Every structure is written in structure tokens, then in C-alpha cells.
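This report concerns only the one structure given below.
Computation of the quantities below employed the complete heavy-atom set of this structure, encompassing side-chain atoms and omitting hydrogens, waters and symmetry-equivalent molecules. Residue numbers start from 1 in every chain, and the chains themselves are labelled A, B, ... in the order their sequence lines are given, proteins ahead of strands. Fair warning: this is a prediction, and the values are worked out from it, not measured in the lab.
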Amino acid sequence: MKDRVRSLVAEGIERCFADGSLASNQMPAIVIEKPAHAEHGDFACTVAMSMAKAERKAPRVIAETIVKHIENGEGGIIGEIDIAGPGFINFRIKNEAWSRTLVAVEAAGANFGRSCAGEGHKVQVEFVSANPTGPLHIGHGRGAAIGDTICRLLSASGFDVTREFYYNDAGAQIANLALSVQARCLGIEPGDPRWPADGYQGDYIKDVARSYLNRETVDAGDQHVTAAGDPNDLDAIRRFAVAYLRREQDQDLLAFDVHFDVYSLESSLYTEGRVEEVVRRLIENGHTFEQDGALWLRTTDFGDDKDRVMRKSDGSYTYFVPDVAYHLAKWERGFTRVINEQGADHHSTITRVRAGLQALNAGIPQEWPEYVLHQMVTVMRGGEEVKISKRAGSYVTLRDLIDEVGRDATRFFFLMRKPDSQLVFDIDLAKQQSLENPVYYVQYAHARICSIFEAACDRGISVPSFPDAHVYLLGTPEEIELIKLIGSFPEVIEGSALSFEPHRITYYLQELAGAFHSFYNKNRVIGEEKELSSARLFLLKCVAQVLKNGLALLGVSAPEKM
RNA sequence: GCGCCUGUAGCUCAGCUGGAUAGAGCAACGGACUUCUAAUCCGUAGGUCAGAGGUUCGAAUCCUCUCAGGCGUGCCA
């Protein structure tokens with residue numbers, strides 16, 4: 001609908017240019033927006049004000065000129081056009097024209113809201129990418145919810161999305177993990193002088209050790225590892241522990257309904273020689289130097305504030321070197337767009353990875369890959385903040401959260417704030433099945449509509465399809481508001497997708513649910529007038545469809561009964 | 001010190017990429033169930049958009065500075 005108004009304005013301006021009533025002859029960007037106040041109409045256009053400078057005329061004069069040249073026609077959708085304020089052109093849509101929106105919803109069904117904005121372009125989204133050194137915690141949960149919904153949004157916007165998880169199954173933290181499990185195998189506890197420095201102290205390490213000593217087998221992805229059971233075989237312990245914890249993480253993600261297309265292992269970058277190859281090319285390109293027994297990358301050449309160690313004096317690489325190799329591989333796999341969703345505490349990797357990629361001189365754009373960083377999550381329980389310390393083992397896991405508050409509420413809560421904002425996860429609130437809980441508010445709207453359908457069915461009234469629904473009878477303010485909101489769903493998805501801001505969907509759904517509840521309290525759906533009933537049932541069918549489609553983007557269910 | 005993020009109603013947060021009189025939910029107060037789910041709705045009240053400059057027809061939004069909080073600034077990831 002908005003696009004139709006935009007093209008009417010564009011045609012009007014063209015005619016002004018053609019007959020010389022506007023001089024600049026330069027088509028401006030035409031912004032159509034929703035007025036802040038209903039009395040200003042259904043759509044507002046600001047173009048007259050933005051043209052004021054080029055035309056050297058008062059915005060209201062330009063607006064009048066444009067309006068005279070807009071041809072609405074007999075069967076047009078516009079009811080009234082007027083000029084208001086500093087030069088807004090306000091449009092009011094004829095009531096009967098809104099029915100087109102409902103017809104579109106019914107025709108598209110589960111596909112309503114999808115677009116082709118992405119033109120089928122390949123995009124890869126990497127998210128979660130937790131180290132296999134422990135269960136997923138609440139921060140990973142936020143990343144999982146945001147990343148997964150960004151994928152769903154991009155997919156709905158016509159992109160060809162690949163979801164990817166990167167396992168850091170090599171490096172110092174993994175060595176640390178192996179030592180921690182070994183210590184537990186030998187009965188050594190934290191505090192003991194033999195306990196490894198910075199060892200992982202969580203209870204789950206004991207579980208890994210017990211399984212290892214019991215010679216259990218774990219299946220994780222394409223890995224099948226049977227424990228050797230020998231507490232002196234550190235390498236065997238490492239392989240087993242990584243597989244064990246990866247399996248745990250996989251199960252957590254499954255419980256959260258998050259799935260990946262590709263799992264990439266850091267260890268394979270070493271075994272395939274990609275890390276060595278990257279180091280060789282970086283040296284060859286002259287961006288490295290040796291100092292203090294280490295090899296450094298001159299990242300300051302690419303905007304970093306200090307140079308960074310690539311190869312430590314003990315011969316191993318720092319984390320960002322395999323990261324560079326990994327991203328080079330992504331580029332070579334043909335992903336001209338890559339989005340990395342990660343916690344803001346890992347922000348410093350961005351400059352290093354991009355610097356490494358630039359230093360390779362491989363024709364990779366400076367701003368590639370793109371990043372979505374989510375800020376910290378704090379957990380409240382009983383009005384107090386729950387402290388998270390991985391090493392001390394006090395730990396709010398994603399699994400605990402899903403078990404306690406349910407998957408729907410967990411996902412919805414993680415998606416209620418924009419990624420840039422810190423998030424306070426109030427466990428008590430998320431568990432409440434009350435009006436304070438926005439998840440229930442939205443889900444209840446869907447269930448309530450289903451309940452109305454059931455009541456209609458009991459009275460022998462069926463929910464109509466378009467030709468049988470008397471949509472021209474719709475016209476109360478609540479009905480028009482609902483239709484307008486439904487009609488804006490596609491552009492909400494597109495905006496949300498292109499800006500990587502899933503929270504726009506949660507806000508939209510709360511607004512739509514609110515509009516429905518208002519409608520429900522003022523208008524009776526099943527009533528004496530059969531034709532009006534059919535029109536309203538049809539409207540609600542469309543509302544339910546959009547609620548369901550929106551919730552699906554969040555990975556939240558749309559129950560028919562509550 | 002430097003980099004990134006944040007600062008909007010008592011609280012938690014939106015604000016559609018620069019538009020009209022800045023919004024919603026909680027909390028407070030007052031109302032609405034003989035009715036399709038009261039897990040709902042309606043109304044009242046609540047603001048120096050952290051502060052100061054600047055850019056222009058127009059700024060919560062863009063630029064600069066200041067203040068406050070969070071994160072980072074490892075030969076950890």
C-alpha cells in the first residue's frame with residue numbers, strides 16, 4: 001500500500017517536471033511514513049520539504065503543485081489528500097481499498113511477509129561459536145536467539161542463508177580443559193597445589209572425568225570418540241572432553257530449536273595446513289616482524305592501536321591467526337557477505353581479523369566480514385543479580401534457563417532488546433504466566449482468535465475465504481488499525497533483516513496483539529449480522545496468520561489454546 | 001590513556017535511519033466481565049530525550065566536546 005502511494009507521488013512529480021511547474025528536474029528520494037497522529041491520515045509524504053532548497057520555493061507551495069499533478073483516478077485507492085504543517089502531504093486511504101491487504105495475506109498464508117530483497121544472494125551467518133570447554137551459558141543463549149532469528153529474517157527476505165558454527169577445538173583453552181579433566185580423573189580438586197593454574201572448576205568437569213574413566217563413547221557431529229580411560233593419556237583426554245562437551249552443546253542447541261548447516265573445526269584448519277599457509281602469506285607480504293622470540297603482525301598498518309603477536313615464543317599461534325585462516329576460507333567458499341554474531345566482549349577480534357585479511361592482499365573488502373555484537377546479559381533471580389564465573393563453576397546455563405522458563409519465553413526475552421543494549425534477564429518475570437509477561441500477551445492473542453473460530457464453528461459458522469467474506473463492511477477504527485498493521489508486516493521484516501535487529505519483530509508483535517485485544521473488547525465478532533461476522537472472521541484469520549508468521553521468525557510457538 | 005556500546009516517564013525499554021504535539025509495558029490512581037478466553041480492555045497522571053555547543057526549513061536521531069555506566073585494550077578466546 002505504501003509503495004502504491006509512493007509511486008503515485010513519483011508520477012505526480014514527473015508530470016510537474018514535464019510541464020515545467022517544478023524546475024529542478026531531479027527526482028528526490030520519496031519518503032512515505034506513518035503519521036504520528038491518526039488525524040493526519042494514513043500516510044504522509046515529506047518530499048515537498050526536502051525539495052524546498054532545490055526549488056527555492058516554500059514547501060507548502062511545492063506540495064500544492066505536486067498534489068495538483070497526482071492522478072488518483074476513479075477507482076483509485078486515495079480518499080483524500082491534504083497539505084498540513086510545514087509541508088506534509090497527507091493521504092487518507094479509502095476504506096474499501098484496504099481489503100487488498102487482507103486478500104494478499106490470505107493468498108500468501110505462511111509466506112506473507114516474505115520478500116525478494118536479498119535477490120537470492122548467498123550470505124553466511126556465524127553465531128554461537130562457543131568453545132567446547134563447558135556448557136552453553138546465558139550469553140551464548142542470547143547469541144543463539146539473535147543469530148537464529150537473523151537467519152530466519154534474512155531467509156524470509158530472499159537471501160540464501162548458510163548457518164555456521166565454529167568450534168575452537170584447539171589452542172590454549174582446550175589444553176587447559178584437558179588438564180582440568182585429567183586433574184579430576186586423578187582425584188585432584190581445586191585448591192590442591194597440583195590443580196592446574198586457571199583450570200576449569202565447574203562440576204561438569206567431574207562428569208566428563210567420570211565418563212572418561214568409565215570408557216564411555218560419545219557421538220558428536222561426525223565424531224565418535226570412545227574414552228581410553230587412561231588418566232595419563234592427555235591427548236586422549238582432550239579428544240574425549242572436546243567431543244563430550246560438543247555433544248552437550250549440540251543437545252542444548254537442539255532444545256533451543258537452533259540448527260546449523262555447517263560446523264567448522266579450528267583443528268581442521270591446522271590439519272589442512274591453512275594456518276601455516278596464512279602465516280606464510282602474511283610473512284611474504286611483509287606485514288610481520290620478529291621480536292622477543294615471537295612473530296608479530298603489524299596490525300597498526302590497518303587501524304589497530306598496537307601490533308599483535310601471531311606466533312608465541314612457545315611456537316603456538318594466538319587465536320586470531322586460525323581466525324584469519326578461517327575467514328579466508330569463508331571468502332574462498334564464495335560468501336561475499338558474512339555476518340558474525342558474537343558477544344561484545346570479543347569485540348577486539350574484529351580489528352585483528354580484518355587486519356589479517358587485508359594483509360593477505362586477497363581482494364577482500366575492508367568492511368568484510370560484518371559483525372553483530374550483543375552486549376552483556378545479567379541474570380536476576382529473586383531481585384538479585386546472579387553472578388557468572390565460568391572458572392569458579394557458578395554458571396547459569398542455557399539448559400537450566402530453558403528447563404525453568406520454557407523455550408518460548410527464553411527466546412522471546414532474548415529478542416526483546418536490540419543487540420546493542422545490555423539485557424537484564426529476569427527469571428521470575430519470564431516464568432510468570434501473567435499480563436506482565438509479553439510472550440503470553442502475544443501468544444494469548446493468537447489463542448484467543450483460535451478460540452473465537454471454535455465458538456463460530458460450534459454455531460455452524462465457518463471462517464470464510466475472500467470471495468465470501470464481506471470485507472467492504474470493515475471500517476471501524478480498530479479494524480482499520482489492524483489492517484494497517486498487518487499491511488506493514490513485510491516492511492517490518494525487511495527493515496529488521498537488513499539492519500540485523502530482531503527486536504523490531506517482538507515490538508511489532510506486541511503492537512499487533514495490542515491492536516487485536518482492543519478490537520476484541522470493542523467489537524463483537526460473532527453476532528446477529530451474518531455478513532459483518534464473516535468480514536470480521538476473515539479479518540481475524542489474517543491477524544492470526546500474521547501473528548503466527550511473526551512468532552515463527554522468533555522461533556516461538558503460536559498455541560491455539562492456552 | 002585509547003577503542004566500542006549505552007544514557008529517553010518512578011522502573012524496563014521502543015522511537016521505522018532527519019519530520020508534525022517524543023511513545024509502549026510495568027508501577028500509581030479511577031473505571032469495564034448475565035457476552036466469542038478479564039492471561040484482556042478503557043481512562044487519568046507522569047519528560048530540560050545525561051549536559052553544552054554546532055550542522056538546516058526541522059535534531060532524541062547527524063558532528064564536536066563534557067559527564068556517568070558497561071565491555072575491551074593478553075605471547076587467553
Side-chain angles (χ1 to χ4, degrees), chain A residues 31 33-37 40 44 46 49-50 52-53 58-59 84-88 90 129-131 133 168 171-174 176 198 266 292-296 303-306 308-320 323 342-351 373-376 378 416-424 426 429 432-438 440-441 443-445 447-456 458-459 488 491-492 495-496 499 501 503-504 506-508 510-511 513-514 516-527 533 536-537 540 561-562:
Chain A
V31 177
E33 57 192 27
K34 186 186 170 184
H37 302 277
H40 292 131
T46 58
M49 291 176 284
S50 60
K53 192 166 229 176
F88 288 95
N90 291 333
S129 293
N131 294 348
T133 56
N168 291 103
Q173 294 301 336
I174 297 299
N176 189 13
D198 297 325
E266 181 186 8
D292 304 330
L295 181 69
W296 298 65
D304 204 352
D305 54 356
K306 58 178 84 160
R308 306 291 171 177
V309 170
M310 293 169 59
R311 189 169 59 215
K312 298 181 250 179
S313 47
D314 69 0
S316 64
Y317 293 106
T318 56
Y319 70 92
F320 86 91
D323 259 12
Q342 51 187 237
D345 54 340
H346 286 203
H347 173 253
S348 58
T349 65
I350 298 176
T351 316
L373 301 177
H374 64 261
Q375 295 291 325
M376 299 293 95
T378 49
M416 281 199 306
R417 305 276 173 264
K418 65 182 161 206
D420 280 342
S421 294
Q422 293 178 34
L423 176 76
V424 179
D426 186 334
L429 176 63
Q432 266 182 53
Q433 307 206 353
S434 75
L435 54 103
E436 289 181 38
N437 191 336
Y440 287 91
Y441 184 79
Q443 289 182 318
Y444 180 55
R448 209 175 204 184
I449 294 172
C450 293
S451 166
I452 293 170
F453 290 168
E454 200 168 302
D458 290 346
R459 293 166 204 206
S488 67
E491 65 201 59
V492 172
S496 188
S499 60
E501 291 182 342
H503 74 283
R504 295 194 196 184
T506 60
Y507 273 89
Y508 172 81
Q510 291 179 79
E511 199 180 351
F516 162 70
H517 289 308
S518 291
F519 162 81
Y520 176 89
N521 276 277
K522 279 187 196 148
N523 303 279
R524 187 133 187 101
V525 179
I526 305 167
S533 289
R536 289 183 172 165
L537 284 168
L540 292 195
K561 264 191 170 40
M562 287 175 78

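We find that CD of A:Q510 is positioned 11 Å from P of B:C41, with the value rounded to whole Å. Residue A:N176 contributes atom CG, which lies 15 Å from atom C1' of B:G74 at whole-angstrom precision. Distance A:I174 CD1 to B:A77 C1': 10 Å, rounded to the nearest Å. With rounding to whole Å, A:Y507 atom OH is found 13 Å from B:U8 atom P. If you take CE of A:M562 and P of B:A39, they are 10 Å apart, rounded to a whole angstrom. Atom C1' of nucleotide B:C36 and atom CZ of A:F453 are separated by 11 Å, given to the nearest angstrom. One interatomic measurement links the two molecules: CZ of A:R308 to P of B:A77, which rounds to 13 Å at whole-angstrom precision. At whole-Å resolution of the value, CZ in A:R311 and P in B:C76 are 15 Å apart.
Within 4.0 Å of A:Y520, counting heavy atoms only, lies at least one base atom of the nucleic acid. No contact: A:A456 has no heavy atom under 4.0 Å from any strand. Nucleic acid contact for A:D304: none, since no nucleic acid atom lies under 4.0 Å from a heavy atom of the residue.
When all heavy atoms of A:N90 and A:A84 are compared, the pair lying nearest together is ND2-CB, 3.6 Å. Taking both residues in full, the closest heavy atoms of A:V309 and A:F320 are given as O-CE2, 3.3 Å, listed atom of the first, atom of the second, then distance. The nearest pair of heavy atoms linking A:S313 to A:A294 is N-CB, 4.2 Å. For A:G87 against A:P59, the heavy-atom pair with the smallest separation is CA-CB, 4.3 Å. Annotation for A:G514 and A:Y441: closest pair CA-OH, 2.9 Å, computed over non-hydrogen atoms. Here the closest heavy-atom approach between residue A:S533 and residue A:G527 is recorded as OG-N, 3.0 Å.
Comparing the C1' positions of B:A9 and B:G54 gives an interatomic distance of 29 Å, to the nearest angstrom. With both ends at atom P, the span from B:G51 to B:G10 equals 13 Å, rounded to whole Å. Using C1' as the reference atom, B:U48 and B:G7 are 15 Å apart when rounded to the nearest Å. Between B:A59 and B:A22, the two P atoms lie 13 Å apart (nearest whole Å). For the C1' atom pair drawn from B:G53 and B:A14, the interatomic distance equals 28 Å after rounding to whole Å. A distance of about 24 Å separates the P atoms of B:C67 and B:U12, rounded to the whole Å. Between B:U8 and B:A60, the distance separating the two C1' atoms is 7 Å to the nearest Å. Straight-line distance between the C1' atoms of B:C49 and B:C13: roughly 13 Å, to the nearest whole Å.
The side chain of A:T506 contributes no N or O atom lying less than 4.0 Å from OP1 or OP2 of B:A14. Phosphate contact (OP1/OP2 of B:A38, side-chain N/O of A:R448, threshold under 4.0 Å): present.
In this structure the side chain of A:I452 reaches within 4.5 angstrom of the side chain of A:I526, judged on heavy atoms. Counting heavy atoms from C-beta on, the side chains of A:F88 and A:E33 come closer than 4.5 Å. Counting heavy atoms from C-beta outward, A:Y319 and A:E266 have side chains that stay 4.5 Å or more apart. In this structure, the side chains of A:R417 and A:Q375 stay at 4.5 Å or more apart for every pair of heavy atoms. Looking at heavy atoms from C-beta onward, A:D198 lies in side-chain contact with A:N176 at the 4.5 angstrom threshold. Annotation: side chain of A:N523 is in contact with side chain of A:R536 (closest heavy-atom distance under 4.5 Å). Taking the side chain as every heavy atom from C-beta outward, A:Y317 and A:L295 never approach each other to under 4.5 Å. A 4.5 Å side-chain heavy-atom check between A:T349 and A:Q342 finds at least one atom pair inside the cut-off.
For A:R504, the side-chain contact (heavy atoms from CB on, under 4.5 Å) partners at least two apart in sequence or on another chain are A:S496, A:S499, A:E501.
Judged by atom type and distance alone, A:S313 reaches the base of B:C75 through a side-chain donor-acceptor pair under 3.5 Å.
Expressed to the nearest 0.5 Å, how far CG of A:D304 lies from CD1 of A:I350 amounts to 11.5 Å. One finds the CZ atom of A:R308 at 8.0 Å from the OG1 atom of A:T351 (value rounded to the nearest 0.5 Å). In this structure, the separation between OG on A:S129 and NE2 on A:H346 is 10.5 Å, given to the nearest 0.5 Å.
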- Both distances under 3.5 Å, Watson-Crick or G-U wobble: on that basis, could you give the dot-bracket string for RNA chain B, with [ ] for crossing pairs and | for other-strand partners? (((((((..((((.....[...)))).(((((.......))))).....(((((..]....))))))))))))....
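Anti is the classification of B:C49, since its glycosidic angle lies more than 90° from 0. Nucleotide B:U64 is shown with an anti base, its glycosidic torsion being more than 90° from 0.
The side chain of A:Y441 lies closest to B:C41, out of B:C41, B:C5, B:A77. In this structure, the nucleotide among B:C36, B:U12, B:U40 sitting nearest to the side chain of A:R417 is B:U12. If you check B:C42, B:C57, B:U73 against the side chain of A:S518, the one that comes closest is B:C42. For A:Y440, the listed nucleotide lying nearest its side chain is B:A39; candidates were B:A39, B:G74, B:C13. Relative to the side chain of A:N131, the nucleotides B:A77, B:C36, B:G74 differ in distance, and B:A77 lies closest.
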- Task: Report, as a single string ordered 5' to 3', how protein heavy atoms within less than 4.0 Å touch nucleotides 15-22 of chain B: B base, S sugar-phosphate only, - not at all.
- Result: SBB-BBB-
- Query: Can you give one letter per nucleotide of nucleotides 44-49 of chain B, 5' to 3': B if a protein heavy atom sits under 4.0 Å from the base, S if only from the sugar-phosphate, - if neither?
  - Reply: ------
- Scoring nucleotides 58-63 of chain B by protein non-hydrogen atoms under 4.0 Å (B base, S sugar-phosphate only, - none) yields ------
Protein-nucleotides 69-71 of chain B N/O pairs closer than 3.5 Å?
{"unit_1": "B:G70", "atom_1": "O2'", "unit_2": "A:Q422", "atom_2": "NE2", "d": "3.3"}

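Between A:F516 and A:Y520, the angle of the ring planes lies from 30° to 60°, which puts this pair in the tilted group.
The residue among A:D292 and A:F519 whose nearest nucleotide of RNA chain B lies closer to the 5′ end is A:F519. Mapping A:K312 and A:L423 onto RNA chain B by nearest heavy atom places A:L423 closer to the 5' end of the strand.
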